[in-house]
Amino acid sequence: MVYPWHLYVMALMYIFAGLMHFIKPKAYLRIMPRYIPNHKALVFWSGLAEVILGITLCVPNTKNIAIWGIIAMLIVFLLVHFYMLSGEKASAGFPKWALILRIPLQFGLMYWAYWYLQF
């Protein structure tokens, strides 16, 4: 099945983001909230989840499941975004305005995924 080009852009975005967990794991380890255990495992599994969800987004039989998975993943990732706002060290050097903008962006990404759901 042929989907709109922007669905493929979203899929590639998640695949790329997931692969970056393996290419630059230290960047992701730096922003993990201290109160969450097993940082290395979580960076690995979240990267793998992003890659799998990006791929399955392009498969007609799994597209809706992938969309719900992406929305759930983005909700969980809000923990990291709020943690990064908690202090200078947690911010990993990002300006506060950029960290604040990431939160509504996260909801925009959820809506973007939801928009492709077929009931």
**Fill in**
Interatomic distance, CG@L85 vs OH@Y83, rounded to 0.5 Å, equals 11.5 Å

**Request:** Tell me yes or no: between the side chains of H39 and Y28, is some donor less than 3.5 Å from an acceptor?
**Result:** no

**Item:** Shortest non-hydrogen contact between A66 and T56, atoms and distance
**Value:** CB-OG1, 3.3 Å

**Message:** When you compare the side chain of L7 with that of K63, does any pair of heavy atoms fall below 4.5 Å?
**Reply:** yes

**Message:** Just verifying a value: how many Å separate I67 CD1 and L117 CG, rounded to the nearest 0.5 Å?
**Reply:** 4.5 Å

**Request:** Report the distance from atom CD1 of I31 to atom NE2 of H81, rounding to the nearest 0.5 Å.
**Result:** 7.5 Å

**Sequence-distant partners of W97, side chain to side chain contact (heavy atoms under 4.5 Å, CB included), two or more places apart** = P95, L101

**Request:** Tell me, yes or no, whether the heavy-atom count around Y35 atom OH, taken from other residues, nucleotides or ligands under 6.0 Å, exceeds 12.
**Result:** yes

**Request:** Can you sort out the partners of M13 under side chain to side chain contact (heavy atoms under 4.5 Å, CB included), two or more places apart, ordered by chain and number?
**Result:** M10, L109, W112

**Message:** Take a 6.0 Å sphere around OH of Y3 and say whether it holds more than 12 heavy atoms from other residues, nucleotides or ligands.
**Reply:** yes

**Request:** Measure from the side-chain N and O atoms of Q106 to the backbone N and O of L74, and report whether any donor-acceptor pair falls under 3.5 Å.
**Result:** yes

**Message:** What's the separation between atom CG in L57 and atom OH in Y14, rounded to the nearest 0.5 Å?
**Reply:** 8.5 Å

**Message:** Return the NZ to NZ distance between K26 and K40, rounded to the nearest 0.5 Å.
**Reply:** 9.0 Å

**Request:** Look at the side-chain heavy atoms of Ile, Leu, Val, Met, Phe, Trp and Tyr, link any pair under 4.5 Å apart, and say whether L48 and W68 land in one connected group.
**Result:** no

**Asked** With a 4.5 Å heavy-atom cut-off, do P4 and Y116 have their side chains touching?
**Response** yes

**Apart from V59 itself, residues in the same hydrophobic cluster as defined by side-chain heavy atoms under 4.5 Å** = none

**Request:** Treating Ile, Leu, Val, Met, Phe, Trp and Tyr as nodes and any side-chain heavy-atom pair under 4.5 angstrom as an edge, say whether Y8 and Y114 lie in one connected cluster.
**Result:** yes

**Item:** ILVMFWY cluster, I65 and V76 together (side-chain gap under 4.5 Å)
**Value:** no

**Prompt:** Looking only at atom types and distance, does a side-chain atom of K96 sit under 3.5 Å from a main-chain N or O of S91, one as donor and one as acceptor?
**Reply:** no

**Item:** ILVMFWY cluster, M73 and W115 together (side-chain gap under 4.5 Å)
**Value:** yes

**Request:** Could you tell me which non-hydrogen atom of G54 sits nearest to which non-hydrogen atom of A11, and how far apart they are?
**Result:** O-CB, 3.2 Å

**Fill in**
Closest non-hydrogen atoms of A113 and I70, given as atom of the first, atom of the second and distance, are CB-CG2, 4.1 Å

**Item:** Point-to-point distance, once rounded to the nearest 0.5 Å, from CD1 of I55 to CD1 of I15
**Value:** 5.0 Å

**Prompt:** Are any of the side-chain heavy atoms of S46 and H21 separated by less than 4.5 Å?
**Reply:** yes

**Request:** Determine whether I23 and L29 fall in the same hydrophobic cluster, where Ile, Leu, Val, Met, Phe, Trp and Tyr are linked whenever their side-chain heavy atoms lie under 4.5 Å apart.
**Result:** yes

**F16 side chain near E50 side chain, heavy-atom distance below 4.5 Å** = no

**Item:** Validation row, ring centre F44 to ring centre F22 under 6.0 Å
**Value:** yes

